[in-house]
Trainee: 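If you scroll down you'll find the structure; I have some questions about it.
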Amino acid sequence: MIQLVSKRLGAMAVIILVLTAVVFALQKASPFDPVHSMLGPSASREAVAQQRHALGLDQPLPSQYWHYLTALLHADLGMSYRTRHPITADLATFLPATAELALFALVLALVLGTALAVATTLRWRGAGVLRFVLVAGASTPAFLLAIGGILIFYQLLGWLPATGRTSFTDAPTGPTGLLTLDGLLAGRPEVTLDAMGHLVLPGLALAIGPAVSIGRVLRSSLVGNRRTDYVRTAMAKGLSEGSVLRKHVVRNSLGPALSMTGLQIGLMFAGVLVIENVFSWPGIGQYTSLSIPVGDFPAIAGVTLLLGAGFVAINTIVDILQAVADPRIDV
Amino acid sequence: MATGSTATPVRSRARPRLLSGGGTTRLSQAAAGLFALTTLIALLAPLIEPYDPLLPVGQPQLAPGEQGFLLGTDSIGRDILSRVLAGWQSSWWAAVIVIASGLLVGGLVGLVAGTFGGIVDNVLMRITDTFLALPAPVIAIAVAATLGPSFAHTLLAVGIVWWPFYARIIRGEIRTLAARPHVEAARLAGAGRIRLGLRHLLPGAVPTAVVTASLDVGSLLLTLAGLSFLGLGQSAPAAELGADTAKNLSFLLQDWWIPVVPGVAVMVMALFGNIAGDGVRNLLGDR
């Protein structure tokens, strides 16, 4: 077990190292000159040379990469050209809003995916409609789901808010940064309820694509496992269908669905960048889309490192969990 | 394998059929025919566009059907139908280029790894697995944003993250084929490695490659639309489906069709791709 965990963690470290190398290489390939971005176009030649030296940009590439890595280990991602704040501080400001949205969407995706899989496997009434939902859901861009949701649930029905995280101007800002939790901690349940309402539309827009993928994988392993000998044995013993499903089939079908969930988180991270734009959600996504047009490379690199490392870490945990749950898995 | 077999992505391989119960051959053929229809629309787009997609041709913000504009006009009076057709064409080209380059690079890596085996296989697949372990859409966004927005940069960005998936699958197929008697016979007859790879292994991997690529079209179109939505595509005034939605979001509550119609076009295209991909898989056998 210890060997397995250390092997997975070792692989994770290598992949994250490659990620930093990719981001570093991108920075070098970028047509935007960091010195010019900092000093402006009218800086004198001497000032540019001086700044270049101060940033270590006149050194050979391997040594620049080494400095980059040591800075990263000290959580130093550089300064944003746009906000003039350290990237780490910016990310810390915007991360909670994104984390709350992504977590909410993940829970929704798991619930919807499971419902979809179980309903189509057991051929519940209306499962045919769900089949259609599967096909359509896999083909719909998240931004279309988002604007469709706004048109129906905000404009037409007036049930849900369409922008931002909260309707309160004095919403609590700490301690967790997650409004749903902070509302409860501050003893203001109305803030929590309002925050939940704001989460529904962006959460659904983010969750439907991954839910479809998770649901499909879960469905195919459910169908496969229902045909196995041990299920026939369990049925022959006289166990009810529901009990066989819960105790035998679902348990053995979770592995592939769990892997798929880990992978879908990568898509969800990309989806967050798009969806936050539509809903003016004050998170990492908005931060990124404001950084893209002005060529704020350190900010984009910081977001890439954060999301990339998060994705790799989550999938490592998923792998380890899977090996723990199923000893047959050889890592 | 240090990066772990459980981390191998199941991007579209693991999914069950969309068409009910496998479907008949004719149904599958009709489904696969949607690829031809999509291509036809893309290639004929300049001929069937009723107006110039880049120039204002009518009053702004006309609703669909008003004054003969089937899908209405946008905020400066450009014909939305013409813009959707032009956007369809550029999405089609983007998908074709990314898939072709993915098959070329991934196929080459997979072929070399599968044919040579041993240390070559090990090194190439470790590199592939490392790329597969990174979140492809996020890396693509980073690459496109760093190089600066342009059509070529977007294609490059998506191309960079798209090949490892093909490399894995083609390598697996080649390894399976390498154990077949006909390959052993060729080897005994004195065929060199390169001849073995190109003549005896590669042709056998083609159907798998075609099925993988066809199943991939839908998700590729969605990824490309997402990048375009973030402003990482062609610059204005070019017609792009994702960007046309993003730029017109402010009209959503008054003139919903201006942002919605291009988004629906993305959906229709991805839907065609997904259904056609399933049709191709049914026709070529489940791989």
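Lettering follows sequence order; numbering is per chain, from 1.
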Trainee: Can you list everything that forms a salt bridge (charged side-chain N to carboxylate O under 4.0 Å, His left out) with A:Asp296? Sequence neighbours excluded, please.
Mentor: none
Trainee: Chain A heavy atoms under 4.5 Å from B:Thr146: which part of the residue, side chain, backbone, both or neither?
Mentor: both
Trainee: Taking the side chain as everything from C-beta on, heavy atoms only, tell me whether A:Phe279 gets closer than 4.5 Å to A:Leu201.
Mentor: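 A side-chain contact exists here, since the closest heavy-atom pair is under 4.5 Å.
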Trainee: If you compare all heavy atoms of A:Thr120 against all heavy atoms of A:Ala117, which two are closest, and at what distance to 0.1 Å?
Mentor: OG1-O, 3.2 Å
Trainee: Can you tell me which portion of A:Leu267 sits under 4.5 Å from chain B's heavy atoms? Options are side chain, backbone, both or neither.
Mentor: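 A:Leu267 touches chain B through backbone and side-chain heavy atoms alike.
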Trainee: Residue by residue, scan residues 152-162 of chain A and write down, ordered by number, those that have a heavy-atom distance under 4.5 Å to chain B; if none do, write 'none'.
Mentor: A:Tyr154, A:Gln155
Trainee: Is it the backbone or the side chain of A:Ile150 that comes under 4.5 Å from a heavy atom of chain B, or both, or neither?
Mentor: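 Looking at A:Ile150, just its side chain touches chain B.
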Trainee: Write down the atom of B:Leu283, the atom of B:Ala32, and the distance for their closest heavy-atom approach.
Mentor: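 For B:Leu283 versus B:Ala32, the nearest heavy atoms are CD1-CB, 4.1 Å.
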Trainee: Using heavy-atom distances under 4.5 Å, tell me whether A:Val18 contacts chain B through its side chain, its backbone, both, or neither.
Mentor: side chain
Trainee: Testing the basics here: between A:Leu307 and A:Phe269, what is the closest heavy-atom pair and its distance to 0.1 Å?
Mentor: O-CE1, 3.5 Å
Trainee: Measuring heavy-atom distances to chain A, does B:Ile141 have an atom under 4.5 Å in its side chain, in its backbone, in both, or in neither?
Mentor: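 B:Ile141 touches chain A through side-chain heavy atoms alone.
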Trainee: Please give me the minimum heavy-atom distance between B:Ser90 and B:Ala239, naming the atom from each residue.
Mentor: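 The pair with the smallest heavy-atom distance is OG-O, 3.8 Å.
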Trainee: According to side chain to side chain donor-acceptor pair (under 3.5 Å), does anything in residues 10-29 of chain A pair up with another residue at least two apart or in another chain? List the pairs.
Mentor: A:Thr20-A:Tyr65, A:Lys28-A:Gln64
Trainee: Let's test your reading of the structure: which of B:Leu249, B:Leu253, B:Leu147 forms the most heavy-atom pairs below 4.5 Å with chain A?
Mentor: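 The candidate making the most pairs under 4.5 Å is B:Leu253.
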Trainee: Hey, which of A:Ala270, A:Ala29, A:Ala142, A:Gly10 has the most heavy atom pairs under 4.5 Å with chain B?
Mentor: A:Ala270
Trainee: For the candidates A:Asn315, A:Thr140, A:Thr304, which exhibits the highest count of non-hydrogen atom pairs separated by less than 4.5 Å from chain B?
Mentor: A:Thr140
Trainee: Before giving the answer on side chain to side chain donor-acceptor pair (under 3.5 Å), spell out for A:Ser259 and A:Gln322 the whole-Å C-alpha distance, their side-chain angles and the decisive distance to 0.1 Å.
Mentor: CA-CA 8 Å; A:Ser259 290; A:Gln322 242 174 358; 3.2 Å; yes
Trainee: So which part of A:Ile147 gets closer than 4.5 Å to some heavy atom of chain B, the side chain, the backbone, both or neither?
Mentor: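 Both parts, backbone and side chain.
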Trainee: If you take all heavy atoms of B:Gln254 and B:Ser250, which pair is closest and at what distance?
Mentor: NE2-O, 3.5 Å
Trainee: I'd like to check B:Tyr166 versus B:Thr212 (side-chain heavy atoms, cut-off strictly below 4.5 Å). Are they in contact?
Mentor: yes
Trainee: Which atoms of A:Val14 come close to chain B, meaning under 4.5 Å heavy atom to heavy atom: side chain ones, backbone ones, both, or neither?
Mentor: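 For A:Val14, no heavy atom lies under 4.5 Å from chain B.
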Trainee: Can you pull out the residues in residues 256-269 of chain B with any heavy atom less than 4.5 Å from chain A?
Mentor: B:Trp256, B:Pro259, B:Val260, B:Gly263, B:Val264, B:Val266, B:Met267
Trainee: Donor-acceptor check, side chain of B:Thr130 to backbone of B:Arg126, threshold 3.5 angstrom: yes or no?
Mentor: yes
Trainee: Could you pull out the closest heavy-atom pair between A:Ala299 and A:Ser291, with the gap in Å?
Mentor: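 In terms of heavy atoms, the two residues are closest at CB-OG, 3.5 Å.
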Trainee: With side chains defined as the heavy atoms from C-beta onward, is the minimum distance between A:Pro202 and A:Val278 less than 4.5 Å?
Mentor: no
Trainee: Can you tell which part of B:Leu271 gets under 4.5 Å to a heavy atom of chain A, answering side chain, backbone, both or neither?
Mentor: both
Trainee: Is B:Asp278 salt-bridged to B:Arg281, cutoff N-O under 4.0 Å?
Mentor: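 A salt bridge links B:Asp278 with B:Arg281.
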Trainee: Heavy-atom distance under 4.5 Å to chain A: side chain of B:Leu227, backbone, both or neither?
Mentor: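 No part of it gets close to chain A.
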Trainee: Step by step, work out the side chain to side chain donor-acceptor pair (under 3.5 Å) result for B:Trp163 and B:Ser101.
Mentor: CA-CA 7 Å; B:Trp163 66 267; B:Ser101 69; over 6 Å; no
